[in-house]
Structures are given as C-alpha cells and as structure tokens.
Amino acid sequence: MARMTSLDRWVYQQLTGEQTRSKPPGPIHLTFVTAAVAVWVCVKRNWWPSPFGAHIWADPLLAHLAVLVVLAVTGLVWAIRTLYVLGRDRRWSWWILPAPFLVSAAFAFVVCGPATTFLDKRSEFEAIAVDIRENPGTSREEFEIGPFDISRARGGPSGEVYFVDNSTIFFSFTSGWVYSPDHEPAGQGNVDSSISHLDGPWYRYKSVYRD
C-alpha cells in the first residue's frame, strides 16, 4: 500500500474524525533551550560577555534579558506541547524530558557549583599590582582577569594598589581589592572606607565617596 501523502492524511482525518497526533518538544526546541541555557550560565558566572573583553558589543544586561525571553518562550512551547501529548493524546515521548533536565542542571550548577574566587586569580592580580608599584604614576583601565571586570587599577598614596570591581560601581559606592604588602591600607582622604584582610598582602575594600 502506497504511503499516505499529507493531503491524503488530512482528508482521511476529516472523513473519519481521527485527531492529529500532537508533536512533543523536539530537537529544534531543544537546540534553542541549550543555546539559551549556555548563555545564561556564562552571564551568571561572568564568563561572557564582558564589557571590557573581546566582544564589547555584547552587553551583559541585554544578553541576560534576551536569554530570559528565549527561556520564557521555549518554556511556554514546552508546556503546551507536553500538555497536548500527555493530556489529549495520552501517550509518552522522551522528548519531554531533556529541556527541563537541562534547565534544572544549569540552575543547580549556577547555585551550587564551585565559583572562581579572587584568591584563585590572585597571581594575575599580583603581577599587575607589582608592575604598577614598580612604575609610579601608571594605571590600567578597563580590563578583565578571569570572571572579574576591573574598571581601574591604580597606585595609592602609600604604595598600595587599588583594583576597582566594575560590577560593584553604583553612584558614589565602589568596592574591590587592595594590594598592600607593607602595611594595612588606610583608605583615601575623601572616601569613607571599610577594609578587611583577605590573605597575605591582599585586602577587600568598600568605599563611599563624600561630596
């Protein structure tokens, strides 16, 4: 018997009242979910995009918003198709599982997985700090070290080196790290600072500039 064409199948269904079987979420849907989840993990872990990296055209906030929109749309498609397959057709498809499993695994990784800390990248920070100390009056602007976006690295009045964490800048508030091998940093004259020791010559600071 010859295989039914799409038109023949449609006519047959109209004459017999047979319902068309619903399509489960498929490979195309999973491709969109995988891409969105990958970008979401990169944004949350600050791996990509970076405002100071190679792809400065890719704004992290816009990337995050785009990912959320894609996940919302694909989530809605997944819910509708799954309800039709399970509810109306009363059948099972293994294509129902991959998307929620992938999203759940990515969420668990972001929340519970090991994150890169400042101390993990300490040697790279220290190389820049030593270079700035050896060349008074120099500074570095807008660069990245691992997942950390540094707005500026500059020398202080007493030989310390300040690294400004770009992600913490909010109006007059900034925070970051201080390299000060000779003494505990005392802050700056026009800034209210709180400083806590991390390890060796490294300190964490939070500052609010006074008017």
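All values reported here derive from a predicted model rather than from experimental measurement. All heavy atoms count here, side chains included; hydrogens, waters and symmetry mates do not.
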(Q) Show, in sequence, the C-alpha distance, side-chain angles and deciding distance for N166 and I150, and conclude whether the side chain to side chain contact (heavy atoms under 4.5 Å, CB included) test is met. (A) CA-CA 5 Å; N166 185 71; I150 308 301; over 6 Å; no

Q. Are side-chain heavy atoms of R133 and E160 found at a separation under 4.5 Å?
A. no

Q) Does P147 offer a backbone N or O that forms a donor-acceptor pair with the side chain of N46 under 3.5 Å? A) yes

Q: Please indicate whether R91 has more than 12 foreign heavy atoms, meaning atoms of other residues, nucleotides or ligands, lying under 6.0 Å from its CZ.
A: yes

**Q.** Minimum heavy-atom distance W95-P98, with the two atoms named
**A.** O-CD, 3.3 Å

Q: Looking only at non-hydrogen atoms, find the nearest pair between G176 and R204 and report the distance.
A: O-CD, 3.1 Å

(Q) Contact between V43 and V39 at the side-chain level, heavy atoms closer than 4.5 Å - yes or no? (A) yes

Q.
For a side chain to side chain contact (heavy atoms under 4.5 Å, CB included) check, start with the C-alpha distance between D199 and L119, then their side-chain angles and the critical distance, and finish with the verdict.
A. CA-CA 8 Å; D199 181 62; L119 294 178; 4.2 Å; yes

Q: Identify the residue among Y162, F173, Y179 that makes a ring pair (Phe, Tyr, Trp, His ring centres under 6.0 Å) with Y205.
A: Y162

Q. In terms of the angle between their ring planes, are F163 and W202 parallel, tilted or perpendicular, with boundaries placed at 30° and 60°?
A. tilted

Q) Do the non-hydrogen side-chain atoms of R140 and I128 ever get within less than 4.5 Å of each other? A) yes

**Q.** Nearest heavy-atom neighbours spanning I96 and W78
**A.** O-NE1, 2.8 Å

Q.
Under a 3.5 Å cutoff, is there a donor and acceptor pairing between the side chains of D120 and T117?
A. yes

**Q.** Single-linkage hydrophobic cluster, 4.5 Å side-chain cutoff, V37 and V73 together
**A.** no

Q.
If you define the side chain from C-beta out and look only at heavy atoms, does anything of P25 sit under 4.5 Å from T82?
A. yes

Q.
The test is salt bridge (charged side-chain N to carboxylate O under 4.0 Å, His left out); show your working for D89 and K23 and say whether it passes.
A. CA-CA 10 Å; D89 294 355; K23 292 183 178 180; over 6 Å; no

Q: Determine whether V103 and F32 fall in the same hydrophobic cluster, where Ile, Leu, Val, Met, Phe, Trp and Tyr are linked whenever their side-chain heavy atoms lie under 4.5 Å apart.
A: no

Q) Looking at W47 and V41, what are the two nearest heavy atoms and their distance? A) CZ3-CG1, 3.9 Å

Q. Should W94 and L86 be regarded as members of a common hydrophobic cluster, given that ILVMFWY residues are connected when their side-chain heavy atoms come within less than 4.5 Å of each other, either directly or indirectly?
A. yes

Q. When rounded to the nearest 0.5 angstrom, what is the spacing between CD1 in I145 and NZ in K121?
A. 9.0 Å

Q. Do side-chain atoms of E126 reach the backbone of E124 as a donor and acceptor pair under 3.5 angstrom?
A. no

(Q) Within this structure, what is the CG-CH2 distance for the pair L71 and W40, rounded to the nearest 0.5 Å? (A) 8.5 Å

(Q) Once rounded to the nearest 0.5 Å, what's the spacing between atom OG of S151 and atom CD1 of I169? (A) 4.0 Å

**Q.** Closest non-hydrogen atom pair, E141 against R152
**A.** OE2-NE, 2.9 Å

**Q.** Cluster check V178, I132: I/L/V/M/F/W/Y, side chain < 4.5 angstrom
**A.** no

Q | Student check: side-chain heavy atoms of P201 and S180 closer than 4.5 Å | A | no

Q: Could you tell me whether L76 atom CG has more than 12 heavy atoms of other residues or ligands within 6.0 Å of it?
A: yes

Q | Flag if over 12 foreign heavy atoms under 6.0 Å of CZ, F143 | A | yes

Q | Heavy-atom side-chain contact between Y203 and S196 under 4.5 Å | A | no

Q | Donor-acceptor pair between S207 and T174 side chains, under 3.5 angstrom | A | no

Q. Considering only heavy atoms from C-beta outward, does the side chain of V208 approach that of F171 to under 4.5 Å?
A. no

Q | Euclidean distance, N135 CG relative to S139 OG, rounded to 0.5 Å | A | 11.5 Å

Q.
Could you measure the distance from the OG1 atom of T34 to the CG atom of L102? Nearest 0.5 Å is fine.
A. 5.0 Å

Q: Return yes when atom CZ of F107 has more than 12 non-hydrogen atoms of other residues, nucleotides or ligands closer than 6.0 Å, and no otherwise.
A: no

(Q) Does F109, at its CZ atom, have more than 12 non-hydrogen atoms belonging to other residues, nucleotides or ligands within less than 6.0 Å? (A) yes

Q.
Just verifying a value: how many Å separate R88 CZ and L83 CG, rounded to the nearest 0.5 Å?
A. 12.0 Å

Q: Provide the closest heavy-atom pair for T74 versus H29 in the form atom of the first, atom of the second, distance.
A: O-NE2, 2.8 Å

Q | Any donor-acceptor N or O pair under 3.5 Å, side chains S22, R81 | A | no

Q | Ring centre gap for W177 and F125 strictly below 6.0 Å | A | yes

Q: Identify whether V161 and F118 are in the same connected component of the hydrophobic contact network (ILVMFWY, side-chain heavy atoms under 4.5 Å).
A: yes

